[in-house]
Amino acid sequence: TLVTSLGRDTEAKIIKKTIKHENIKLHHKIQKRTKINTILVPIDTGQREKIRGNTIHLDIKNLDRKFIRQFDLIIIDRHEKTAFYEIMDKKKLEAKIIIDPSVEISKFTLDMIRNADFPILPIESLVKIDSNDLLKSIQKLYNGKELIITAGKLGSLIYDGKTLRHIQAYDVSVIDTVGAGDVYRGAFA
């Protein structure tokens with residue numbers, strides 16, 4: 001199930017058609033226009049550059065408790081602050097939360113990390129905690145639950161409070177990195 005905001009426009013029709021084709025249930029809030037970002041991907045690096053659209057994505061809020069309680073696993077990103085707190089309040093006790101705080105380190109994303117069952121964050125965010133010592137950054141973020149750090153072609157790191165383990169990435173030819181973090185979280189789930 002995807003919970004999002006969509007407009008009454010061509011972009012929303014494309015998203016709805018794709019979602020339906022993939023057998024994903026859509027639970028959406030209607031707004032005037034769909035928020036669209038343009039992603040540029042240089043062929044030589046495969047690293048994306050995002051040009052943000054000017055449409056404001058409306059907050060997902062007032063989620064029904066019964067709706068939230070049907071899920072055993074919820075993946076949520078930093079763009080949905082209101083929904084995150086509603087989900088934390090309304091989810092069934094055994095439901096697990098995977099987060100996507102992106103590279104942002106803020107009061108809110110730190111709260112997400114503290115509350116997530118599976119905090120997964122990119123290595124780039126660690127330099128915002130302590131630019132001189134990544135292990136210190138990881139230790140500062142650790143909150144009793146394994147902390148998972150994605151590191152692109154270097155693989156992943158998992159910190160359990162005592163040991164920092166490295167998991168190698170698969171050797172693949174990268175065409176572009178768009179959606180890599182989302183795919184990682186989906187595969188992890």
Side-chain angles (χ1 to χ4, degrees), residues 1-39 48 50-122 124-125 128-129 141-150 177-189:
T1 300
L2 173 65
V3 179
T4 191
S5 293
L6 292 176
R8 293 184 170 96
D9 48 27
T10 303
E11 291 82 359
K13 288 177 185 173
I14 293 168
I15 292 168
K16 287 177 184 178
K17 182 178 178 183
T18 303
I19 294 293
K20 184 177 181 180
H21 176 74
E22 296 296 330
N23 296 316
I24 297 170
K25 293 178 189 171
L26 180 62
H27 181 85
H28 65 288
K29 182 176 188 172
I30 302 291
Q31 60 184 47
K32 188 174 180 180
R33 290 176 43 208
T34 303
K35 179 167 177 57
I36 301 294
N37 295 319
T38 301
I39 309 294
R48 70 181 182 178
K50 185 184 287 188
I51 300 171
R52 300 193 180 278
N54 58 4
T55 299
I56 295 171
H57 177 78
L58 298 178
D59 278 353
I60 302 295
K61 58 184 176 182
N62 303 319
L63 295 164
D64 183 65
R65 182 176 301 276
K66 186 176 177 183
F67 174 75
I68 296 300
R69 293 181 70 82
Q70 70 181 308
F71 301 106
D72 296 319
L73 181 65
I74 300 167
I75 304 172
I76 188 162
D77 72 24
R78 69 179 169 84
H79 298 290
E80 300 301 342
K81 184 176 183 177
T82 304
F84 176 76
Y85 289 115
E86 281 192 36
I87 288 166
M88 294 307 298
D89 181 53
K90 296 175 181 178
K91 74 178 186 73
K92 58 187 171 186
L93 189 60
E94 63 274 13
K96 303 297 182 195
I97 303 291
I98 296 174
I99 60 159
D100 182 358
S102 187
V103 297
E104 180 182 315
I105 296 295
S106 65
K107 184 178 182 290
F108 171 59
T109 58
L110 290 172
D111 205 26
M112 289 180 83
I113 292 166
R114 277 190 296 278
N115 285 287
D117 296 287
F118 303 104
I120 301 174
L121 55 149
E124 295 86 357
S125 59
K128 296 179 178 183
I129 303 291
L141 292 173
Y142 179 73
N143 194 33
K145 299 171 192 159
E146 286 188 327
L147 187 64
I148 302 147
I149 311 297
T150 60
T177 59
V178 175
D182 297 318
V183 170
Y184 185 101
R185 284 166 185 80
F188 182 89

For [X] and [Y], work out which heavy atoms get closest and say how close.
{"X": "Leu2", "Y": "Ile24", "result": "N-CG2, 3.9 Å"}
{"X": "Pro122", "Y": "Ser102", "result": "CD-O, 3.1 Å"}
{"X": "Leu6", "Y": "Leu26", "result": "CD1-CD2, 3.7 Å"}

Taking only residues two or more places apart in sequence, or in another chain, which ones meet [X] in a side chain to side chain donor-acceptor pair (under 3.5 Å)?
{"X": "Asn143", "answer": "none"}
{"X": "Lys90", "answer": "Glu86"}
{"X": "Ser125", "answer": "none"}
{"X": "Thr150", "answer": "none"}

| request: Output the distance between atom CD1 (Ile97) and atom CG (Asn115), rounded to the nearest 0.5 Å. | output: 9.0 Å
| Between atom NE2 of His27 and atom CD1 of Ile60, what is the distance when rounded to the nearest 0.5 Å? | 7.5 Å
| request: Go through the steps to decide whether Thr4 and Ile15 satisfy the test side-chain contact (heavy atoms from CB on, under 4.5 Å), and finish with yes or no. | output: CA-CA 11 Å; Thr4 191; Ile15 292 168; 5.8 Å; no
| field | Pairs flagged by salt bridge (charged side-chain N to carboxylate O under 4.0 Å, His left out) wherever residues 54-80 is involved - sequence neighbours left out | value | Arg65-Asp89, Asp72-Lys92, Arg78-Glu104
| request: Not counting sequence neighbours, list each pair that qualifies as a salt bridge (charged side-chain N to carboxylate O under 4.0 Å, His left out) and has a residue in residues 14-29. | output: none
Under the rule for salt bridge (Lys or Arg N to Asp or Glu O under 4.0 Å), what residues qualify as partners of [X], not counting sequence neighbours?
{"X": "Arg33", "result": "none"}
{"X": "Asp182", "result": "none"}
{"X": "Glu11", "result": "none"}

| said: Donor-acceptor pair, distance only, cut-off 3.5 Å: does the side chain of Gln31 make one with the backbone of Ser5? | reply: no
| remark: Taken in chain and number order and not counting sequence neighbours, the residues that satisfy side-chain contact (heavy atoms from CB on, under 4.5 Å) with Ile51 are Thr38, Leu40
| said: Applying side-chain contact (heavy atoms from CB on, under 4.5 Å), can you list everything that pairs with Ile75, at least two apart in sequence or on another chain? | reply: Ile98, Arg185, Ala189
| What pairs meet the ring pair (Phe, Tyr, Trp, His ring centres under 6.0 Å) rule with one or both residues in residues 69-102, with sequence neighbours excluded? | Phe67-Phe71, Phe84-Phe108, Tyr85-Phe108
| query | Going through the checks in order, is the side-chain contact (heavy atoms from CB on, under 4.5 Å) test met by Leu110 and Ile105? | reply | CA-CA 6 Å; Leu110 290 172; Ile105 296 295; 4.1 Å; yes
